[in-house]
Amino acid sequence: DAGITQSPRHKVTETGTPVTLRCHQTENHRYMYWYRQDPGHGLRLIHYSYGVKDTDKGEVSDGYSVSRSKTEDFLLTLESATSSQTSVYFCAISEENEQFFGPGTRLTVL
Amino acid sequence: GIQVEQSPPDLILQEGANSTLRCNFSDSVNNLQWFHQNPWGQLINLFYIPSGTKQNGRLSATTVATERYSLLYISSSQTTDSGVYFCAVGHSGGGADGLTFGKGTHLIIQP
């Protein structure tokens with residue numbers, strides 16, 4: 001257990017509404033990541049952070065923004081949710097180059 | 001970007017059987033991890049193995065970085081081994097970049 005929690009664990013929302021997912025870690029890891037998982041795919045990287053206020057885009061960043069104002073929290077925001085963003089979202093941390101994943105958030109956009 | 005291919009995509013075995021899962025990748029890597037995603041969706045770390053061989057109980061893994069492939073061996077399968085096995089690779093050291101995942105091998109162990 002790498003001390004990673006995600007909230008909420010499940011969310012149903014409507015198209016066009018803003019949504020923020022939270023990833024919280026308790027072990028002061030520098031690197032944090034957001035991935036999404038869709039049927040038929042492995043996980044795909046959305047954004048990552050290499051320190052407070054330091055973030056960068058991943059493979060599928062369109063429609064998402066992130067913020068990291070303190071080491072322990074990495075927020076993923078969907079400014080205006082679309083049905084194509086229905087997915088399971090995983091947060092991860094890196095510890096000595098090995099990544100560990102949180103429990104995931106299942107998001108449904110109707 | 002780097003491509004990761006896993007085979008076979010699906011595998012159905014009887015309890016007690018052995019299996020070999022393969023991961024091919026298209027470029028040099030300095031991070032390679034195997035994960036098991038259980039039926040509840042949890043991602044469990046199996047091996048961090050950018051090169052060499054490791055064993056953990058009934059599971060072992062080998063990565064031949066020069067030939068750009070990794071193998072995961074499962075011996076004496078149990079029904080709890082069912083789930084999806086992912087291989088994921090990374091380019092840069094120090095944890096800076098994210099991982100690129102394969103599409104996984106869906107393993108079903110029948111009693």
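Predicted model only: the values in this text are computed from it and were never measured. Note on naming: letters A, B, ... go to the chains in the order of the sequence lines (proteins, then strands), and numbering restarts at 1 for each one.
Looking at B:N45, its side chain does come within 3.5 Å of a backbone N or O of A:Q99 through a donor-acceptor pair.
No path of Ile, Leu, Val, Met, Phe, Trp and Tyr side chains, each step under 4.5 Å between heavy atoms, connects B:V89 with B:Y48, placing them in separate hydrophobic clusters. No single ILVMFWY cluster, assembled from side-chain heavy atoms under 4.5 Å apart, contains both B:F47 and A:F101. A chain of hydrophobic side-chain contacts below 4.5 Å, direct or via other Ile, Leu, Val, Met, Phe, Trp or Tyr residues, connects A:M32 to A:I46.
Across B:N30 and A:N97, no two heavy atoms sit closer than the pair O-ND2, 3.2 Å.
Under a cut-off of 6.0 angstrom, the local environment of CZ in A:R106 is sparse, with at most 12 non-hydrogen atoms contributed by other residues, nucleotides or ligands. More than 12 heavy-atom neighbours from other residues, nucleotides or ligands sit within 6.0 angstrom of CD on B:E15.
Counting only heavy atoms from C-beta outward, the side chains of B:L99 and A:Y33 never approach each other to under 4.5 Å.
There is no contact between B:Q6 and chain A, counting heavy-atom distances below 4.5 Å. With a threshold of 4.5 angstrom between heavy atoms, A:Q37 approaches chain B through side-chain atoms but not through N, CA, C or O. Looking at B:Q42, there are no atoms closer than 4.5 Å to chain A (heavy atoms on both sides), in backbone or side chain.
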